[in-house]
Number of protein chains: 2
Amino acid sequence: MSWADRSERINHRTPRLLWLQVADDLKALMESRELAPGDKLPGEAELAELYGVSRDTIRRATQELAAEKLIVILHGRGTFVSEG
Amino acid sequence: MSWADRSERINHRTPRLLWLQVADDLKALMESRELAPGDKLPGEAELAELYGVSRDTIRRATQELAAEKLIVILHGRGTFVSEG
DNA sequence: GATGATTTGTGCGTATGTATC
DNA sequence: CGATACATACGCACAAATCAT
C-alpha cells in the first residue's frame, strides 16, 4: 500500500491506549487487504511519524500483532504481514 | 533458564519494598544457578510483565544488583549475570 | 571483503496522571 | 502531606543483524 499520514486514526484524548489504537488500525488495513500477506511495513521510526506517536508505542502495537501471528518481525530486516 | 511467570514471588500487600522482593528473587535464581554467569536476563519490559510490576520497579532492582556487581547492565545490549 | 545505511533490539532518562499507604 | 508504586508515553543513545554500495 501507499503509506501516508495516519495520525487522524489516533485519538490522544481518549482513555483508549494509543498502542491499541495503532494495532487496531493496522489490523483494519490487513482485513481490508490494503496490507496484503508478505507486504513490508514501514520501519518503526517511519510508522511513529505516520501515526504521530513514539516508536515505543509503535513497538507495543507491532509486538502485540506479532504475538497474534498477524505479522512477523525480523531483526535487521523489517516487519512483514504474515503469509497465509 | 526458561523464563515463565514469576508474579507469585511478589507480595504486593506487605510493607516490603517491591523492588527488594524482585532483587531477592533474582539473587535466589543466581544462587541456585538457575541463572548462571553469562546468562542474559529478559529485557526490562518483559521482566516487568513476568513479575507483574512496573518497569520502574524492575530498574530499581537491577540497578541494585548491578551496584552489588551481581549483574552487568550494558546499554543497548542487555543485562547479564556477572562472570566469576 | 569493507563500508555505510537501514532496521530492529535494548537500555536510559524523563514526564504525566492515578492510586495507595 | 510525602513516599511508594502503577500505567502510559515520549525521546534518545547505543548495539546487533541485515542489506546495499
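All chains are named by letter (A, B, ...) in the order of the sequence lines, taking the proteins before the strands, and each is independently numbered beginning at 1.
In this structure, the helix from dA2(C)-dT21(D) to dC21(C)-dG2(D) shows an angle of 10° between the axis at its start and the axis at its end, each fitted on 5 base pairs and rounded to 10°.
The CD atom of Glu44(B) sits 8 Å away from the C1' atom of dT10(C) (whole-angstrom rounding). Put simply, CD1 on Ile58(B) is 12 Å from P on dA5(D), counting in whole angstrom units. Rounded to a whole Å, the CG atom of Leu17(A) is 17 Å from the P atom of dC6(D). Summarising the geometry, the separation between CD1 on Ile71(B) and C1' on dT10(C) is reported as 14 Å, rounded to the nearest angstrom. For the pair Leu41(A) CG and dT7(C) P, the computed distance is 12 Å after rounding to whole Å. Protein atom CD of Glu49(A) is 13 Å distant from nucleotide atom P of dC10(D), rounded to whole Å. For Gln63(B) and dC12(C), the CD to C1' distance is 9 Å, given to the nearest whole Å. Distance, His12(A) NE2 to dG17(C) C1': 17 Å, rounded to whole Å.
Distance from the side chain of Arg59(A) is smallest for dT8(C) among the nucleotides dT8(D), dT8(C), dC6(D). Of the candidate nucleotides dC6(D), dA5(D), dA9(D), dA5(D) has the atom nearest to the side chain of Arg60(B). Comparing dA17(D), dT18(D), dT8(D) by their nearest atom to the side chain of Arg77(A) picks out dT18(D). Side-chain proximity of Ile73(A) to dG9(C), dC10(D), dT8(D): nearest is dG9(C).
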Donor-acceptor pairs under 3.5 angstrom involving side-chain atoms of residues 74-84 of chain B: please list them, not counting sequence neighbours.
unit_1, atom_1, unit_2, atom_2, d
Ser82(B), OG, Lys69(B), O, 2.9
Ser82(B), OG, Leu70(B), O, 3.0
Ser82(B), OG, Ile71(B), N, 3.2

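Between Ser54(B) and Gly76(B), the residue whose closest nucleotide on DNA chain D is further toward the 5' end is Ser54(B). Ranked by how close their nearest DNA chain C nucleotide is to the 5' end, Gly78(B) and Lys40(A) are led by Lys40(A). Nearest-nucleotide positions on DNA chain C for Ala45(B) and Ala45(A) put Ala45(A) closer to the 5' end.
For the pair Thr79(B) and dT10(C), the criterion of a side-chain N or O lying under 4.0 Å from OP1 or OP2 is not met. Put simply, Thr57(A) has a side-chain N or O that comes within less than 4.0 Å of OP1 or OP2 on dC10(D).
Counting heavy-atom neighbours within 6.0 Å of Glu49(B) CD, excluding the residue itself, gives a total of 12 or less.
Scanning both residues, Arg9(B) and Gln21(B), for their nearest heavy atoms gives O-OE1, 4.1 Å.
Looking at Leu41(B) and Glu46(B), their side chains never come closer than 4.5 Å, going by heavy atoms from C-beta outward. By the 4.5 Å heavy-atom criterion applied to side chains, Leu47(A) and Trp3(A) are counted as neighbours.
Applying the side-chain hydrogen bond (donor to acceptor under 3.5 Å, both in side chains) test to Asp24(B) and every residue at least two apart in sequence or in another chain returns Arg16(B).
If you chain together hydrophobic residues whose side chains sit under 4.5 Å apart, Leu26(A) and Ile73(A) fall into the same group.
Put simply, the side chain of Arg55(A) and the base of dT10(C) share a donor and an acceptor less than 3.5 Å apart.
Applying the side-chain contact (heavy atoms from CB on, under 4.5 Å) test between Tyr51(A) and each of Leu18(A), Ile58(A), Asp5(A) identifies Ile58(A) as the sole match.
In this structure, His75(A) does not count as stacked on the base of dG9(C) under the 5.5 Å centre distance and 30° plane angle limits.
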